[in-house]
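Notes follow once the structure below has been shown.
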Amino acid sequence: MKKIFLNLGRQPITNSFLKKLDKKTLANEFFYNLKITFDTNTKLVSLLNFVKPEKMFNEKYAHRASSSLTMMNHFKKISLKLKKKFKEIRCLEIGSNDGAFIRNFNKKSVIAVEPCKNLAVITNKLGYTTYPKFWNFELSEKIKKKHGKMNIIFSSNTISHVPKLDEIFKGIENILKDDGLFVFEDPYIYSVLKNNSYDQFYDEHAHLFSLLAMKNIVKSYNLKIVNVEKLDTHGGSIRFYISKISSKYKVQKNVKKMLDLEIKNNLNHLKTYKLFATRVKKSKIKLQKILNKIKSSNNKIVGYGATYKSATVYNYCNINAKKINYIVDTTINKQNKFTPGSHIKIKSPEKGFNNKLNIKFAFLGAWNFKREILKKEMNYIKNGGAFITHVPEPRIINLKNVNKEIR
Ligand code: TMP
């Protein structure tokens, strides 16, 4: 039974950056109610109201996985690891974005699936056969007929985006070779609880997985979880290695270890999520206090990173252009646009974050890259600049405490 434990209020589509703020654009902006549920049977954490995938994943999709050096290195590492496991590689990626993962593979050995047409065009041009479609059973049939079964199926930050998980797993069961592995990674609910990172809840994250929940899900599809890893990416993620039940793979010790950890931390009880909701409400009040105090002393606050996550923070905490003057972001197709719901202008770092501007406070929207950013902006900090972050709790990072934050 699904129980609501958190209400993050009226929220926009996080990927819908606005080109202008005229009356028509504002009147057409889409909002929905962001409420989070815990299923007492399956232990799965999901949004109450799913946003239609077509509204989020279309030809306007802004995120480019390959724009992050951290992610490029991350994909290189996992590709090498997977390539070592098989003599002949037949690889399928679900949600290939701009090809950050598949670029590590031979073009002939990979089939990609990517519903955002602007992204599918990029990988097709690179020479990787890419289906500009949503993954489902029907597509798995089509690909199986044309390209055969696969021994590596990979997916990063995509499976959690799919409201109907049944379609995902039916398709996987259909196309996975008997000795194949389905490896996927998504933000981990345990990290969210630990870090108070409620901004992992937004339209695209239809679910946030635990091992407990995933175990319950896969058992209906003739599949088993053979290994699991905790990752640092995207503010704390979980990677599952899944095979056919009858495969040669033995279940690794990690699986029991992580299950024990989740049970010890009560991830199977609604009460844990209710307590988290109380911490989230406190976090909102504390962040608002910090921002109000800075503003009352007539200081500018700049946002650092127009992440999708930060849309949840801005809209839940009622932060708009009166609080955050503007945001800087390295992604070219976010620049010169306005954030969804909160309507804050986005500039390039060159224009909005240089020494001449004498900025003293920056809100770390991209907190998942905290170490990388603090190191990169050490001169800003040495010159008296500070960062504000809300993870795991709202606070100011400046020259006095920065070393502790980088460690
Ligand atoms: P992500 O968390 O969805 O990967 O998005 C990170 C966003 O933060 C992306 O739009 C790029 C931006 N960003 C910067 O603007 N500067 C930086 O130094 C880093 C690491 C990210």
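Position 1 is the first residue of the sequence; numbering continues from there. These numbers were taken from a predicted model, which means no experiment stands behind them. For ligands, and for the atoms within them, numbers begin at 1 and follow the listed sequence.
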Over 12 non-hydrogen atoms of neighbours within 6.0 angstrom of CG in L275: yes
Using a 4.0 Å heavy-atom threshold (strictly under), name the region of E372 that reaches ligand 1: side chain, backbone, both or neither. side chain
What atoms of ligand 1 come within less than 4.0 Å of a heavy atom belonging to H234? 4 (O)
Atoms of ligand 1 under 4.0 Å from any heavy atom of A366, numbered from 1 in the order shown, are 8 (O)
Is K230 close enough and on-axis enough to Y188, meaning under 6.0 Å and within 45°, for cation-pi? no
Using a 4.0 Å heavy-atom threshold (strictly under), name the region of T70 that reaches ligand 1: side chain, backbone, both or neither. neither
So for K309, does at least one of its heavy atoms come nearer than 4.0 angstrom to any atom of ligand 1? yes
List ligand 1 atoms under 4.0 Å from K334, heavy atoms only on the residue side. 9 (C), 10 (O)
Going by the order shown, which atoms of ligand 1 are within less than 4.0 Å of some heavy atom of N368? 2 (O)
Distance from atom 17 (C) of ligand 1 to nearest protein heavy atom, with residue and atom: K376 NZ, 3.5 Å
Partner of F387 under ring-ring contact (aromatic ring centres under 6.0 Å, His included), picked from W367, F363, F369, Y380, is Y380
Considering only protein heavy atoms, which is closest to atom 6 (C) of ligand 1, and at what distance to one decimal place? T307 CG2, 3.5 Å
Does the cation-pi check pass for K83 over F105, that is, NZ or CZ under 6.0 Å from the six-membered ring centre and within 45° of its axis? yes
Classify the contact between Y308 and ligand 1 as side chain, backbone, both or neither, using a heavy-atom distance cut-off of under 4.0 Å. neither
Of all protein heavy atoms, the one nearest atom 19 (C) of ligand 1 is I373 CD1, 4.0 Å
Is any side-chain N of the basic residue among D260 and K256 closer than 4.0 Å to the acidic one's carboxylate O? yes
Would you say the rings of Y314 and H343 are close, in the sense that their centroids are separated by under 6.0 Å? no
Give the residue and atom name of whichever protein heavy atom lies nearest to atom 13 (N) of ligand 1, and the separation in Å to one decimal. T330 OG1, 3.7 Å
Atom 21 (C) of ligand 1: closest protein heavy atom, distance to 0.1 Å, is F369 CD1, 4.2 Å
Cationic tip of K107 above Y128 ring, under 6.0 Å, 45° of axis: yes
So for T331 against ligand 1, with non-hydrogen atoms under 4.0 Å, the contacting part is side chain
Does the distance from a Lys or Arg side-chain N to an Asp or Glu carboxylate O, for K55 and E204, drop under 4.0 Å? no
Which atoms of ligand 1 have any heavy atom of D329 under 4.0 Å away? 7 (C), 8 (O), 9 (C), 10 (O), 11 (C), 12 (C), 15 (O)
Under 4.0 Å between a side-chain nitrogen and a carboxylate oxygen: does that hold for K81 and E229? yes
Looking at the rings of F240 and F184, which for Trp means the six-membered one, are their centres under 6.0 Å apart? yes
Quick note on ligand 1: atoms under 4.0 Å from a heavy atom of H63 include exactly 3 (O), 4 (O)
